[in-house]
Amino acid sequence: MSGGGCDETRAAVIAEARGWLGTPYRHQASGRGVGCDCLGLVRGVWRALYGREPDAPRAYATDWADSEPGEPVLFYGRRNCAELPGGEARPGDMLVFRWRPNAAARHLGILMPENRFVHAYQGSAVVSSVLVPQWRRRIAGVFAFPPLSDHR
């Protein structure tokens, strides 16, 4: 997909993601205020912005450290968004995290202003966390949502 996002799209992503704060953590769910996991958060933001999801998710394990082969999160990110170098991440971009160097990337969040990101935290809810060095070094991919104008 071409393009690296735009200010209008990033502002809409930020506003929508803020509305998910406090949503309880629920594995494989994607309902604002009802429950979601980290993928469900991104799916819900996408639906709110574009009216539908780009891909139907398949079932996945609750164990983020599972040994399933491949990089499905990065694959679908590349298929539906513009991949950016990590240094070009801007608020409103999607962040993909890898827990361990040899494990597949399995966690998602949305970069927010003031060096924070919104993500669904297992056992808790959708929260805003500071993007501290421990999180930064786990970033496996940065993706810009497609421009809203492309989907109208």
Side-chain angles (χ1 to χ4, degrees), residues 5 9-146 148:
T9 301
R10 285 186 169 98
V13 169
I14 291 166
E16 182 61 27
R18 281 189 176 128
W20 286 72
L21 289 169
T23 296
Y25 182 91
R26 298 287 182 268
H27 178 63
Q28 293 189 3
S30 65
R32 180 176 170 173
V34 177
C36 69
D37 59 12
C38 65
L39 176 59
L41 167 65
V42 172
R43 290 172 49 214
V45 168
W46 186 287
R47 276 194 317 268
L49 297 178
Y50 306 107
R52 59 166 183 74
E53 293 184 45
D55 297 295
R58 58 179 177 75
Y60 48 92
T62 57
D63 180 3
W64 294 114
D66 66 8
S67 60
E68 182 181 328
E71 293 278 4
V73 175
L74 292 175
F75 171 81
Y76 286 108
R78 290 174 181 134
R79 181 165 133 165
N80 296 295
C81 299
E83 188 168 18
L84 305 171
E88 292 184 22
R90 293 176 50 201
D93 290 339
M94 179 176 63
L95 304 175
V96 178
F97 299 92
R98 182 184 316 281
W99 291 122
R100 293 189 323 257
N102 296 323
R106 297 272 192 247
H107 190 60
L108 301 160
I110 296 173
L111 187 60
M112 302 298 277
E114 300 176 3
N115 198 40
R116 300 188 74 81
F117 71 107
V118 170
H119 61 128
Y121 202 78
Q122 188 171 4
S124 182
V126 175
V127 297
S128 174
S129 298
V130 176
L131 191 60
V132 295
Q134 294 88 337
W135 279 109
R136 277 196 184 279
R137 72 172 162 255
R138 289 184 168 95
I139 294 174
V142 175
F143 298 91
F145 285 76
L148 290 172

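- Every side-chain hydrogen bond (donor to acceptor under 3.5 Å, both in side chains) that R136 has, sequence neighbours left out, goes to N115.
- Contact check for P72 versus R106: side-chain heavy atoms found under the 4.5 Å cut-off.
- Across all their heavy atoms, A12 and L49 have their closest contact at CB-CD2, 3.6 Å.
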(message) Please evaluate residues C36 and W20 with respect to the criterion side chain to side chain contact (heavy atoms under 4.5 Å, CB included), reporting the C-alpha separation (whole Å), side-chain torsions for both, the decisive distance (0.1 Å), and the verdict.
(response) CA-CA 9 Å; C36 69; W20 286 72; 3.9 Å; yes
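- Note that CG of L111 and CZ of F117 are 9.5 Å apart. Values are rounded to the nearest 0.5 Å.
- Atom CD of Q134 sits in a crowded spot, with more than 12 heavy atoms from other residues, nucleotides or ligands closer than 6.0 Å.
- Closest approach of L84 to R10, counting heavy atoms only: CD1-NH2, 3.7 Å.
- Between P54 and N80, the shortest heavy-atom contact is CB-OD1, 3.2 Å.
- For residues 13-26, every residue pair satisfying the salt bridge (Lys or Arg N to Asp or Glu O under 4.0 Å) rule, not counting sequence neighbours, is listed here: E16-R32.
- Under the 30°/60° scheme for interplanar angles, the aromatic rings of H119 and H107 are found to stand perpendicular.
- The backbone N or O of P146 lies less than 3.5 Å from a partner atom in the side chain of Y50, making a donor-acceptor pair.
- Considering all non-hydrogen atoms of both residues, G33 and P24 come closest at O-CD, 3.9 Å.
- Of all the heavy atoms in L41 and A120, the pair that sits closest is CD2-N, 4.2 Å.
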(message) Run R47 and R52 through side chain to side chain contact (heavy atoms under 4.5 Å, CB included) and show every step you take.
(response) CA-CA 5 Å; R47 276 194 317 268; R52 59 166 183 74; 5.7 Å; no
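- The minimum heavy-atom distance between A17 and I110, with the atom names listed, is CB-CD1, 4.0 Å.
- Residues Y121 and V126 fail the side-chain proximity criterion, which asks for heavy atoms closer than 4.5 Å.
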(message) Is there a side chain to side chain contact (heavy atoms under 4.5 Å, CB included) between R79 and D55? Walk through the geometry before answering.
(response) CA-CA 10 Å; R79 181 165 133 165; D55 297 295; 2.6 Å; yes
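- A distance of 13.5 Å separates SG in C81 from OH in Y76, rounded to the nearest 0.5 Å.
- Considering CD of Q28 and CZ of R43, their distance stands at 8.5 Å, rounded to 0.5 Å.
- Applying the ring pair (Phe, Tyr, Trp, His ring centres under 6.0 Å) rule to F143 yields no partners; only residues at least two apart in sequence or on another chain are considered.
- In this structure, D93 contributes its side chain and V142 its backbone to no donor-acceptor pair below 3.5 Å.
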(request) Please assess E71 against R98 for the test side chain to side chain contact (heavy atoms under 4.5 Å, CB included), listing each intermediate value before the final yes or no. (result) CA-CA 10 Å; E71 293 278 4; R98 182 184 316 281; 2.5 Å; yes
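- Tested against M112, the residues V118, L131, V13 include a single side chain to side chain contact (heavy atoms under 4.5 Å, CB included) partner, V118.
- Using cut-offs of 30° and 60° on the angle between ring planes, the pair F97 and W135 is perpendicular.
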